[in-house]
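Notes for the one structure printed next.
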Amino acid sequence: MKVATHFITSAADPRQFPAPTVPEIAFLGRSNVGKSSVINSLVGSKIAKTSNTPGRTQTINFFDLRRPGKPHAELIFVDLPGYGYARVPKELSTQWSQFIDPYLKSRPSLVLCLSLVDVSIPPQQLDVQLLAWLRHYNRPCIVIATKADRISNNQLHKSLVGLSRELGVEAKDIIPFSAKSHTGHAALWRAIQSAVGIASQGR
């Protein structure tokens, strides 16, 4: 889906969140899972900063998206800080809980959480904990298995089975994704469009 994007704001405090308007899609995952690459691949431009240094994103970043010919934004991508990176100072991690938790718990315009996991490594306990947390607060969530291009198709199948078992989700409900090869690109857009109520345009 072709979209025009616009950076709205960065927030490190609930008081800095923009007023709720259109549906929001949140991108969550461990540091270095490839969140920025997934976002940039979906929109076709480098709106989210990528870095070789895990834990670089330390604010919640909001971007609105508008299809060509539409006068207003129809949805918002929300890039949340990565979790589980040891080099992030403990005091910063504490601060994160003061604005990330309120966003995920209470944001009325949040319609879908995308839980990004690295399919090229074994399932991680932090990913299991995140999904349990989202289920507890009844947040709709889809698992996106990133870096699918790094392993063979046979290994990808085995990894998806392992993720399904460890995360407690059906394998068919996990979307393998590669920002490089565009694997899963159309499937993820369909899921996003369905969540925000935009008709799929033949994708």
Side-chain angles (χ1 to χ4, degrees), residues 11-14 17 20 23-39 42 48 54-62 75-148 151 156-177 184 187-188 190-192 194-196:
D13 185 287
F17 294 166
E24 295 176 5
I25 307 294
F27 292 75
L28 306 99
R30 290 182 302 103
S31 299
N32 210 28
V33 75
K35 276 193 299 91
S36 297
S37 295
V38 171
I39 293 172
L42 287 172
R56 178 63 59 86
T57 301
Q58 299 175 355
T59 56
I60 299 179
N61 298 317
F62 296 80
L75 69 155
I76 290 175
F77 277 3
V78 185
D79 184 11
L80 279 79
Y83 53 85
Y85 186 57
R87 293 184 185 177
V88 173
K90 288 185 178 180
E91 58 269 23
L92 186 56
S93 297
T94 300
Q95 292 175 13
W96 285 359
S97 69
Q98 295 173 358
F99 68 100
I100 296 175
D101 288 0
Y103 175 80
L104 293 174
K105 287 180 183 178
S106 307
R107 186 70 170 174
S109 47
L110 176 58
V111 298
L112 180 64
C113 294
L114 301 178
S115 175
L116 277 58
V117 299
D118 187 339
V119 75
S120 67
I121 63 174
Q124 303 293 298
Q125 187 59 33
L126 286 169
D127 297 326
V128 176
Q129 292 171 355
L130 172 66
L131 284 173
W133 194 95
L134 293 173
R135 291 187 188 109
H136 178 74
Y137 287 101
N138 296 314
R139 285 301 191 185
C141 180
I142 296 176
V143 175
I144 311 301
T146 66
K147 306 182 183 181
I151 54 179
L156 176 61
H157 175 73
K158 292 180 179 178
S159 296
L160 291 175
V161 171
L163 284 174
S164 171
R165 180 178 61 251
E166 294 296 326
L167 301 179
V169 297
E170 295 287 338
K172 63 180 178 62
D173 295 329
I174 301 175
I175 300 178
F177 192 94
L188 181 49
R190 284 195 296 269
I192 292 172
S194 175
V196 302

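Treat the numbers as computed from the prediction; the structure is a model and nothing was measured. Every heavy atom of this structure was used, including side-chain atoms; hydrogens, water molecules and symmetry mates were not. Starting from 1, each residue takes its place in the sequence as its number.
- Here the straight-line distance linking atom CG of Leu130 with atom CZ of Arg135 works out to 9.5 Å at 0.5 Å rounding.
- A side chain to side chain contact (heavy atoms under 4.5 Å, CB included) with Ile175 is found for exactly one of Leu114, Thr146, Leu160, Ile142, namely Ile142.
- Two residues are said to be in side-chain contact when any heavy atoms from C-beta on lie closer than 4.5 Å; Ile121 and Arg30 meet this criterion.
- A distance of 3.5 Å separates CG of Asp79 from CD1 of Ile39, quoted to the nearest 0.5 Å.
- Side chain of Ser109 to backbone of Pro23: no donor-acceptor contact under 3.5 angstrom is found.
- Atom CH2 in Trp133 sits 11.5 Å away from atom SG in Cys141 (nearest 0.5 Å).
- Side-chain contact between Ile60 and Pro81 is present, with heavy atoms from C-beta onward closer than 4.5 Å.
- Within the 4.5 Å cutoff, the side chain of Pro123 has no heavy atoms near those of the Val117 side chain.
- Side-chain atoms of Leu110 and Val78, non-hydrogen and from C-beta on, never get closer than 4.5 Å to each other.
- Between the side chain of Lys35 and the main chain of Leu80, a donor-acceptor pair closer than 3.5 Å is present.
- A heavy-atom distance below 4.5 Å is not found between the side chains of Asp101 and Tyr137.
- The side-chain heavy atoms of Leu42 and Phe27, taken from C-beta on, include a pair separated by under 4.5 Å.
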*Would Ile174 and Val119 count as a side-chain contact (heavy atoms from CB on, under 4.5 Å) if you check the C-alpha gap in whole Å, the side-chain angles of each, and the deciding distance to 0.1 Å?*
CA-CA 10 Å; Ile174 301 175; Val119 75; over 6 Å; no

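- Separation of atoms CG (Leu163) and CD (Gln124) is listed at 10.0 Å; rounding is to 0.5 Å.
- Side-chain atoms of Lys158 and Val161, non-hydrogen and from C-beta on, never get closer than 4.5 Å to each other.
- Between Ile151 and Ser159, some side-chain heavy-atom pair lies under the 4.5 Å cut-off.
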